[in-house]
Amino acid sequence: MDQKNLRDWEARCTQEEPPKCKARCPLHVDGREFCRLLAAGQIDKAWAILCKTMPFPAIAARICGGDCQNDCLRAQKGGGIELAALERFAAENAKRSPIIRALPPRGKTIAVFGAHLSGLTAAWDLGKKGFAVKLFCKSKFEGYSELPAERINEKIFEKELDQLGKMNVSFVEESPLDAETVLAALDNFDAVFADPWVCDSDALGLKQLDKATLESEKEFLFAASKSNAKSTVQIIALGRKGALSIERKLQNASLTAGRDRDAPFETRLFTNISKVEELSPVTVPAEGYSEELAREEASRCLLCECMECVNNCAFLKEFKSYPKAYARQIYNNASIVMGTRMANTMINSCMLCGLCEKLCPEDFPMQDLCLEARQGLVEKGHMPPSAHEFAFRDMDFADSSSCALVKHQPGTEKSKQAFFPGCQLSASDPGAIERTYAHLCSELDGGTGLMLRCCGAPADWAGRKEMFEQKMMSLRNDWELLGRPQIIAACPSCIESLHKGLPEADVVSLWTILNTSVKQLDQHPETKLLSLQDPCSARNNQELMSDVRMLLNDLDVTFDEPELSGTLTECCGFGGLLANANEPLSRKAAERRAGNLDHDGVTYCAMCRDMLAKAGKRCRHILDIIFPDDNDDPAERIAPGYSARRENRVRLKESLLRKVWDEQPEPRNDYESVAVEFTEEALSMMEERRILLSDVQKTLHAKRDSTQVLVNSETGHNLVQFRPGNSHLLGGI
């Protein structure tokens with residue numbers, strides 16, 4: 001990822017966009033942060049927010065008319081925040097004000113004509129930035145008479161004007177303010193600003209005035225028309241606009257670049273208020289808010305932010321940030337520090353499920369960002385092998401001679417279609433595959449072959465493009481060996497993977513096929529109300545999700561759907577190899593999804609069923625309903641551990657060879673004859689550390705022929721080391 005890519009990624013996340021109140025305010029006061037602090041009773045800190053943005057805040061805060069109130073999102077849910085009244089409360093009750101500091105002198109002198117709100121603002125802003133300002137006026141109080149007397153007294157006004165003296169701003173009172181005097185000042189000052197309430201652009205005879213910058217045809221003269229401002233805050237904003245233009249002019253910088261958001265603008269920030277309850281504003285008493293009422297009103301603020309993806313994703317929430325910030329971390333990790341453990345963990349913890357993209361108003365695909373980062377780390381050799389090694393071992397085992405099986409239907413020499421159940425269904429419930437295959441063979445014409453193997457998804461999810469291509473090449477060879485049949489896939493992830501790596505194949509879901517053939521079955525077990533779990537890999541497959549719902553309806557299965565369902569379904573915690581890279585987070589994701597299902601679950605993904613079962617959720621696979629076995633309650637079926645999953649695959653192949661093809665399977669490996677007993681604690685530890693029964697058996701078998709054995713003379717225990725297969729784990733007994 002280069003910096004341009006980073007900027008493109010960042011631009012798609014709106015979380016750092018300002019809330020509506022700030023965007024629509026002519027001065028861009030941060031009403032959200034102001035309300036947050038005020039609601040917490042931090043009056044001085046809330047006041048500091050106003051002082052940071054407003055010129056002469058003790059005046060501006062008291063006279064603000066609340067231009068943003070109608071734009072406030074809370075206006076749609078009871079009424080906009082009474083921000084103007086809250087600002088007056090802060091001005092009246094703050095005990096401390098931030099110290100105002102001006103920048104060092106720049107050696108430039110500016111003339112400002114007029115001490116009304118626009119002129120005072122221009123002098124305030126320019127003085128803070130280090131310019132020497134001469135403010136010509138009839139009287140420095142000339143703007144005071146226009147202010148509401150019930151809010152601003154002379155003492156407050158004079159105290160704010162005194163602040164200007166700390167910024168190298170001096171008043172020149174009883175000055176003429178006619179056009180001739182203003183124009184003559186251009187000969188003696190570096191720039192001139194004319195307050196439109198004493199000498200507007202018409203009085204100055206200006207014909208070419210840029211409303212966006214207030215630049216006139218007289219170089220270094222900046223002026224405005226009274227018609228450019230309607231409200232008090234807009235009048236103040238005119239002075240700020242002129243001050244910024246003068247600063248840029250004196251720096252030989254563009255007067256227009258990057259100023260598209262100087263004026264009120266429409267923010268891109270999205271805030272979901274669909275679940276927000278209506279709450280009316282706290283009535284403003286004649287004397288203004290008390291602290292209690294001010295905090296109550298400030299608490300009505302929605303604290304607008306997007307966070308749609310973060311609030312609905314265990315991964316994004318776990319790392320306590322949002323996609324734009326994650327993009328920066330990924331860029332730094334890939335381009336600067338070249339791979340850190342913390343950043344790699346974050347990158348590998350994404351489930352690649354795509355929910356974030358569906359929820360994001362700007363379609364930010366966090367899954368694409370993380371997958372690209374994984375691929376980049378792999379290419380540069382910065383991806384630790386341990387992150388996904390166990391998944392690769394499991395994938396290779398599923399494709400090994402112990403488990404893989406590619407054959408035509410018995411009695412046929414060609415296959416019109418081939419059943420591809422996927423390696424996880426084989427590992428979870430091999431009996432369901434036997435019953436399903438028997439049904440397909442009996443119902444479909446033209447020969448139904450069988451392809452027992454992995455679809456290569458683990459390699460793809462890990463960012464191992466070369467490994468994925470090799471897997472797909474091997475799979476393509478098997479497919480061509482069967483005569484390029486239509487592939488009937490049971491697993492949604494397999495469907496995705498096959499579409500990606502074998503685009504020339506006709507891939508159809510098992511549920512589409514069963515939709516027409518399963519109706520001929522006689523009886524199905526009765527079920528109570530179930531909650532449907534859509535796998536995240538089915539998110540973009542509308543036909544698949546529709547077929548499943550039609551199938552359930554045909555089976556008279558009553559089901560409801562959680563709030564996040566269909567295209568917005570949540571991942572079970574298996575996607576993206578999360579369990580390999582960050583198992584604690586994988587458990588959180590599974591428990592989160594299980595908690596969002598109101599009833600026993602039903603799903604059409606073997607890993608969804610097993611992950612939910614591990615999280616304590618009663619759940620069944622649809623095949624438990626369509627082709628039930630002798631188990632009275634399939635929802636209680638435990639999720640097999642890693643060793644059991646391997647054994648299930650081996651036994652499935654052996655059983656199919658014997659029962660379907662009347663063939664004897666190959667003899668098992670010698671090490672499998674080693675009998676081992678484990679304590680519950682040992683079994684739990686093995687599962688956590690991905691130590692397989694076969695790893696232990698191989699180690700014990702190797703010990704028989706090993707001469708390098710350490711013997712504990714006191715206990716008689718032996719210690720031997722052996723590296724089983726390509727594991728990075730060491731077995732020791």
Side-chain angles (χ1 to χ4, degrees), residues 312 353-355 358-359 421-422 424-425 428-429 432 435-436 439 489-493 495 508-575 589-629 631-639:
N312 292 286
C353 73
L355 176 59
K358 294 296 182 183
L359 290 170
Q424 297 303 338
L425 182 57
S428 174
D429 189 6
R435 296 187 291 275
T436 303
H439 172 79
C491 171
S493 294
I495 294 174
V508 63
S509 87
L510 171 64
W511 320 110
T512 300
I513 300 299
L514 293 182
N515 240 337
T516 58
S517 65
V518 80
K519 300 172 186 177
Q520 302 174 25
L521 297 178
D522 297 328
Q523 291 289 330
H524 307 292
E526 292 186 8
T527 59
K528 55 186 178 181
L529 178 62
L530 303 175
S531 291
L532 177 61
Q533 160 65 7
D534 287 302
C536 60
S537 51
R539 186 185 313 285
N540 298 313
N541 195 331
Q542 293 289 344
E543 181 181 4
L544 170 58
M545 292 190 290
S546 176
D547 284 337
V548 167
R549 285 157 175 77
M550 290 172 60
L551 184 56
L552 288 173
N553 287 327
D554 290 339
L555 294 170
D556 295 324
V557 174
T558 305
F559 63 93
D560 66 5
E561 300 187 36
E563 181 180 358
L564 292 178
S565 186
T567 58
L568 297 180
T569 189
E570 290 182 275
C571 181
C572 67
F574 178 75
E591 290 166 0
R592 173 192 177 101
R593 188 51 174 170
N596 288 334
L597 301 181
D598 293 333
H599 309 284
D600 287 1
V602 60
T603 186
Y604 43 107
C605 168
M607 284 314 302
C608 281
R609 199 223 76 87
D610 287 350
M611 293 296 291
L612 293 172
K614 282 184 179 180
K617 187 70 179 179
R618 285 171 47 85
C619 188
R620 65 187 73 198
H621 196 283
I622 295 182
L623 292 177
D624 292 326
I625 301 172
I626 301 174
F627 305 116
D629 61 7
N631 191 335
D632 292 333
D633 189 358
E636 283 290 341
R637 177 163 51 88
I638 65 170

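Quick note: residue numbers are just sequence positions, from 1. It should be emphasised that the depicted structure is a prediction, and the values quoted were computed from it without experimental measurement.
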*Picking from Asp534, Asp554, Asp560, what satisfies salt bridge (Lys or Arg N to Asp or Glu O under 4.0 Å) with Arg549?*
Asp534
*Just by distance, do the side chain of Thr516 and the backbone of Ile513 share a donor-acceptor pair under 3.5 Å?*
yes
*Could you tell me whether Arg609 and Asp429 have a side-chain N and a carboxylate O separated by less than 4.0 Å?*
no
*For Pro492 against Ser537, the heavy-atom pair lying closest together*: CB-OG, 3.2 Å
*How many angstroms lie between CG in Asn515 and CG in Leu510, if you round to the nearest 0.5 Å?*
10.0 Å
_Determine whether a donor-acceptor pair (N or O, by modelled atom type, separation under 3.5 Å) exists between the side chain of Ser546 and the backbone of Gln542._
no
*Which atom pair, heavy atoms only, marks the closest approach of Gln533 to Glu570?*
NE2-O, 3.3 Å
*Are Lys528 and Asp600 close enough that some pair of their side-chain heavy atoms sits under 4.5 Å apart?*
yes
*side-chain contact (heavy atoms from CB on, under 4.5 Å) between Arg435 and Ile626, worked out*: CA-CA 10 Å; Arg435 296 187 291 275; Ile626 301 174; over 6 Å; no
*Side-chain (Asp624) to main-chain (His621) donor-acceptor, under 3.5 angstrom*: yes
*Atom CG of Asp598 and atom CD of Glu561: how far apart are they, to the nearest 0.5 Å?*
12.0 Å
*With rounding to the nearest 0.5 Å, note down the distance linking CZ in Arg592 to CG in Asn312.*
6.0 Å
*Test Tyr604 against Leu623 for side-chain contact (heavy atoms from CB on, under 4.5 Å), laying out the working first.*
CA-CA 8 Å; Tyr604 43 107; Leu623 292 177; over 6 Å; no
*Rounded to the nearest 0.5 Å, what's the gap from CE on Met607 to SG on Cys536? Could you check?*
11.5 Å
*Are Val602 and Arg620 close enough, and set up right, to give a side-chain contact (heavy atoms from CB on, under 4.5 Å), and what steps lead you there?*
CA-CA 5 Å; Val602 60; Arg620 65 187 73 198; 4.2 Å; yes
*Carefully, step by step, assess Ile495 and Ser509 under the rule side-chain contact (heavy atoms from CB on, under 4.5 Å).*
CA-CA 7 Å; Ile495 294 174; Ser509 87; 3.6 Å; yes
*About how many Å separate CG of Leu551 and OG1 of Thr512, when rounded to the nearest 0.5 Å?*
9.5 Å
*Rounded to the nearest 0.5 Å, how far apart are NZ of Lys617 and OG of Ser531?*
6.0 Å
*Within a strict 4.5 Å, meaning less than it, do heavy atoms of the Thr603 and Cys619 side chains meet?*
yes
*Any sub-3.5 Å donor-acceptor pair from Asp547's side-chain atoms to Trp511's backbone N or O?*
no
*Beyond-backbone contact of Thr436 with Pro421, side-chain heavy atoms, under 4.5 angstrom*: no
*Please examine the side chains of Arg593 and Cys608, heavy atoms only from C-beta on, and report whether any two atoms are closer than 4.5 Å.*
no
